[in-house]
Amino acid sequence: MELQPEVSRWDVTPSEAVELQRRLREQLVLRPPPGLKVERIAGADISTEKGKDTGFGGFVVLDVETLAPVAQSGAAVTLHFPYVPGLLSFRELPIVAAAWERLTVRPDVVIFDGQGTAHPRRMGIACHGGLLFGVPSIGCAKSLLVGTHGPLGEARGSTAPLTHRGEVVGMAVRTRKGVQPVYVSPGHLMDLPTAVELVLKVSPKYREPETTRHAHRLVNALRRADGEGAELE
DNA sequence: GCGACAG
DNA sequence: ATCTTGTCGC
């Protein structure tokens, strides 16, 4: 038996998970690979059911110019970690990883539904996922975990730096006029300006990125199909 | 000790 | 996240 790499170690207690995050963050690279070209961008998400312990995860890869889906994958995995603020990756990544293994088309960037560096230890699910898959990643959350920001303009594209303990850890971004902003932060192999630019690019019409919207629909469909006795791949 | 707290 | 119906506004 070989010891699992720390980046894919899920059999930990909440206390051990916190220590693991402190070590993993040393491996983070907060800048894009030189000459990064983004042609395909993916969204990852999971769906769970109230009284059950099965999680349905999936990826949807989009052409970054047309935003048309070019590939997708899904997987059902038993949940083994509770939802604990700050430790979301330990609950969701095992499921997302199973779907990643079934994804045949590799995206250039992955957008996660949650925080990147806008996290107590700068190791949100987007950071952990980027490290795990070795892919540039972005965190785009619907609400804040940590940090504060000043007011931002009403227009789509308006931004306001998100600060935590004296550091700029992300950006509040208005992706649509008249709606609450989303919170963007780099995951791995990514920087804040590039993350904000990409999120705006894939969110031309609605508050959330098209990647997230597609992934969310996919995993919910998988969950419902499973409940009806159907078997999907 | 109290309040906050991604999904 | 999930549980749920109608309802207010562009």
Side-chain angles (χ1 to χ4, degrees), chain A residues 10 14-15 17-18 21 24-25 28 43-59 74-97 99 110-132 137-149 154-156 162-165 169-188 190 192 195 199 205-209 211-227:
Chain A
W10 315 121
S15 170
V18 167
Q21 291 182 323
L24 291 175
R25 78 178 160 189
L28 273 189
D45 196 15
I46 78 156
S47 178
T48 60
E49 197 153 347
K50 186 176 61 175
K52 295 181 176 292
D53 65 340
T54 298
F56 299 83
F59 276 90
V77 177
T78 302
L79 295 164
H80 289 294
F81 201 90
Y83 168 68
V84 179
L87 301 179
L88 180 65
S89 63
F90 292 88
R91 176 177 176 79
E92 301 199 344
L93 284 186
I95 305 165
V96 171
V110 172
I111 297 180
F112 286 85
D113 193 0
Q115 316 293 347
T117 56
H119 176 279
R121 292 166 293 282
R122 311 292 180 259
M123 265 302 292
I125 188 171
C127 301
H128 200 156
L131 278 176
L132 179 63
S137 59
I138 295 169
C140 182
K142 298 178 292 299
S143 61
L144 286 176
L145 174 59
V146 296
T148 58
H149 66 80
E154 294 297 290
R156 165 186 147 73
L162 179 60
T163 300
H164 181 238
R165 295 183 184 177
V169 297
M171 195 78 88
V173 180
R174 187 98 64 195
T175 51
R176 175 176 179 162
K177 180 181 178 181
V179 303
Q180 288 300 106
V182 291
Y183 305 96
V184 179
S185 56
H188 179 50
M190 183 58 54
L192 186 53
V199 166
K205 188 170 182 179
Y206 300 106
R207 183 191 179 213
E208 296 199 62
T211 45
T212 301
R213 288 163 48 77
H214 273 94
H216 199 275
R217 269 182 295 160
L218 169 63
V219 296
N220 274 316
L222 290 175
R223 175 167 61 81
R224 290 162 185 158
D226 179 82

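Numbers restart at 1 for each chain; the letters A, B, ... are given by sequence-line order, proteins then strands.
Base contact: Gly86(A) has a heavy atom under 4.0 Å from a base atom. Contact annotation for Ile95(A): no contact, since no heavy-atom pair falls under 4.0 Å across all strands.
The side chain of His216(A) contributes no N or O atom lying less than 4.0 Å from OP1 or OP2 of dG7(B). Look at Arg223(A) and you'll find a side-chain N or O under 4.0 angstrom from OP1 or OP2 of dT2(C).
A heavy-atom distance below 4.5 Å is not found between the side chains of Pro181(A) and Val173(A).
Closest contact between the side chain of Glu49(A) and the listed nucleotides dG7(B), dC3(C), dA6(B) involves dC3(C). In the set dC5(B), dT2(C), dA1(C), the nucleotide with an atom closest to the side chain of Tyr83(A) is dC5(B). Distances from the side chain of Lys142(A) to the nucleotides dT2(C), dA6(B), dA1(C) place dA1(C) closest.
Under a 4.0 Å N-O distance rule, the pair Glu154(A)/Arg174(A) qualifies as a salt bridge.
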Report task. Take Phe90(A) and His80(A) through the ring pair (Phe, Tyr, Trp, His ring centres under 6.0 Å) test and state the conclusion after the steps. Result -> CA-CA 9 Å; Phe90(A) 292 88; His80(A) 289 294; over 10 Å; no
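Among residues two or more places apart in sequence or in another chain, the salt bridge (charged side-chain N to carboxylate O under 4.0 Å, His left out) test is passed with Asp113(A) by Lys142(A).
Annotation: proximity of residues 117-125 of chain A to DNA chain B (heavy atom, distance under 4.0 Å) is found for His119(A), Gly124(A), Ile125(A), numbered in ascending order.
Summarising the geometry, atom CG belonging to Leu87(A) is positioned 6.0 Å from atom CZ belonging to Arg121(A); distances are rounded to the nearest 0.5 Å.
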